[in-house]
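Shown next, in structure tokens, is the structure this report addresses.
All values below come from the heavy atoms of this structure, side chains included, with hydrogens, waters and symmetry mates left out.
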Amino acid sequence: MFELIQSGGWLMVPIIACSVFSLAICLERFWVLQKKRVAPTNLLSEVWVLVRSGEMTPERMHLIRNESFLGQIMVAGLNNSKHGREIMKESIQEAAQHVMHQMERFLNSLGTIAAISPLLGLLGTVIGMIKVFAEIMLQGTGNANVLAGGISEALITTAAGLTVAIPTLVFHRYLQRRVETLLIEMEQESQKLVEVVHGEREVDFE
């Protein structure tokens, strides 16, 4: 493996760096975007039980807010519920914008890595072929070892760039879709909270 990296030339360094950053971002996003960390099941019913029983203390609200993204949105709505339905909805929307930004964190960077990795590989190909033609001009076509070295560098960087880009692109698309799905689910739960607080809906506790 080390010999392959060496033969790929200096462009293998940024390609390897891209692979490390890509892996780190994917692992971090998979950890953050767990269902229990974003929108825990039955959170709405648990919140409403506390509100209805008068046990929704500032300490409990602080705990709910810190446990999940949906908790942040619901607490923002509850804090402004006494000001009417529209103000409550506006506070929920503002909190949802902040949550969306947190959930999409690093996804642009992941998309950038997916885009530039094959370009780095292509640049390695171009540099390798330039070396090949330069050697042909100096030595002719008789020295096969020199020519093979340049071609090898070109092929290795191309393969390395694609090896990083393909899985990065797949995970980028998957994580984007996961964020969209979770946002829709949180939007639905938040709408239910508004309706429940203002007496327009009953909570299903089952």
Quiz item: Under 4.5 Å between any side-chain heavy atoms of Leu70 and Ser190, yes or no?
Solution: yes
Quiz item: Under a 4.5 Å side-chain heavy-atom rule over Ile, Leu, Val, Met, Phe, Trp and Tyr, are Val32 and Leu43 clustered together?
Solution: yes
Practice problem: Specify the closest pair of heavy atoms between Ile116 and Cys18, including all atoms of both residues, with the distance to one decimal. | Solution: CD1-SG, 4.0 Å
Quiz item: Got Met61 and Arg65 here, is their nearest side-chain heavy-atom distance under 4.5 Å?
Solution: no
Practice problem: Kindly indicate whether the side chain of Thr181, heavy atoms from C-beta on, has any atom under 4.5 Å from the side chain of Arg178. | Solution: no
Self-check item: Check: Met74 and Ile64 side chains under 4.5 Å, non-hydrogen atoms
Solution: no
Self-check item: Path from Leu110 to Tyr174 over hydrophobic side-chain contacts below 4.5 Å
Solution: yes
Exercise. Provide the closest heavy-atom pair for Leu11 versus Leu120 in the form atom of the first, atom of the second, distance.
Key: CD1-O, 3.9 Å
Quiz item: If you measure from CG on Leu63 to OG1 on Thr57, what distance do you get to the nearest 0.5 Å?
Solution: 9.0 Å
Self-check item: Hydrophobic cluster identity match, Ile130 and Ile156, side-chain contacts under 4.5 Å
Solution: no
Practice problem: Report the distance from atom CG of Leu182 to atom NZ of Lys35, rounding to the nearest 0.5 Å. | Solution: 7.0 Å
Quiz item: Side chains of Ile15 and Thr163: does their closest heavy-atom pair fall under 4.5 Å?
Solution: no
Quiz item: Are Leu33 and Val179 close enough that some pair of their side-chain heavy atoms sits under 4.5 Å apart?
Solution: yes
Quiz prompt | Co-membership, hydrophobic cluster, residues Leu50 and Ile92, 4.5 Å side-chain | solution = yes
Practice problem: Test side chain to side chain contact (heavy atoms under 4.5 Å, CB included) on Val75 and Asn79 and set out the steps. | Solution: CA-CA 6 Å; Val75 168; Asn79 283 333; 3.6 Å; yes
Quiz item: For His83, does the NE2 atom sit with more than 12 other heavy atoms under 6.0 Å from it, leaving out its own atoms?
Solution: yes
Quiz prompt | Atom pair OG1/CG of Thr157 and Leu155 - distance to nearest 0.5 Å | solution = 7.5 Å
Quiz item: Which atom names give the shortest non-hydrogen contact between Pro118 and Ala114, and what distance separates them?
Solution: CD-O, 3.2 Å
Quiz prompt | Qualifying residue, where the test is side-chain hydrogen bond (donor to acceptor under 3.5 Å, both in side chains) with Gln191 and the options are Glu187, Glu189, Gln188, Glu195 | solution = Glu195
Quiz item: How far does CG of Leu183 sit from CE of Met103, to the nearest 0.5 angstrom?
Solution: 4.5 Å
Quiz prompt | With Thr158 via side chain to side chain donor-acceptor pair (under 3.5 Å) - residues at least two apart | solution = Thr125
Quiz item: Between Arg37 and Trp31, is any pair of side-chain heavy atoms under 4.5 Å apart?
Solution: yes
Quiz item: Ser91 side chain to Met88 main-chain N or O, any donor-acceptor pair under 3.5 Å?
Solution: yes
Quiz item: Could you give the distance from CZ (Phe106) to OG1 (Thr112), rounded to the nearest 0.5 Å?
Solution: 13.0 Å
Quiz item: Does Leu107 offer a backbone N or O that forms a donor-acceptor pair with the side chain of His172 under 3.5 Å?
Solution: yes
Exercise. Treating Ile, Leu, Val, Met, Phe, Trp and Tyr as nodes and any side-chain heavy-atom pair under 4.5 angstrom as an edge, say whether Met186 and Val194 lie in one connected cluster.
Key: yes
Quiz item: In Å and rounded to the nearest 0.5 Å, what is the CE to OG distance from Met12 to Ser19?
Solution: 8.5 Å
Quiz item: Step by step, would you call Thr168 with Ile25 a side chain to side chain contact (heavy atoms under 4.5 Å, CB included)?
Solution: CA-CA 10 Å; Thr168 300; Ile25 292 172; over 6 Å; no
Quiz item: Is the CG atom of Asn108 crowded by more than 12 outside heavy atoms at less than 6.0 Å?
Solution: no
Self-check item: Note, Arg105 side chain near Arg29 side chain (heavy atom, < 4.5 Å)
Solution: yes
Quiz item: So which heavy atom on Ser81 is nearest to which on Val197, and how close?
Solution: CB-CG1, 3.8 Å
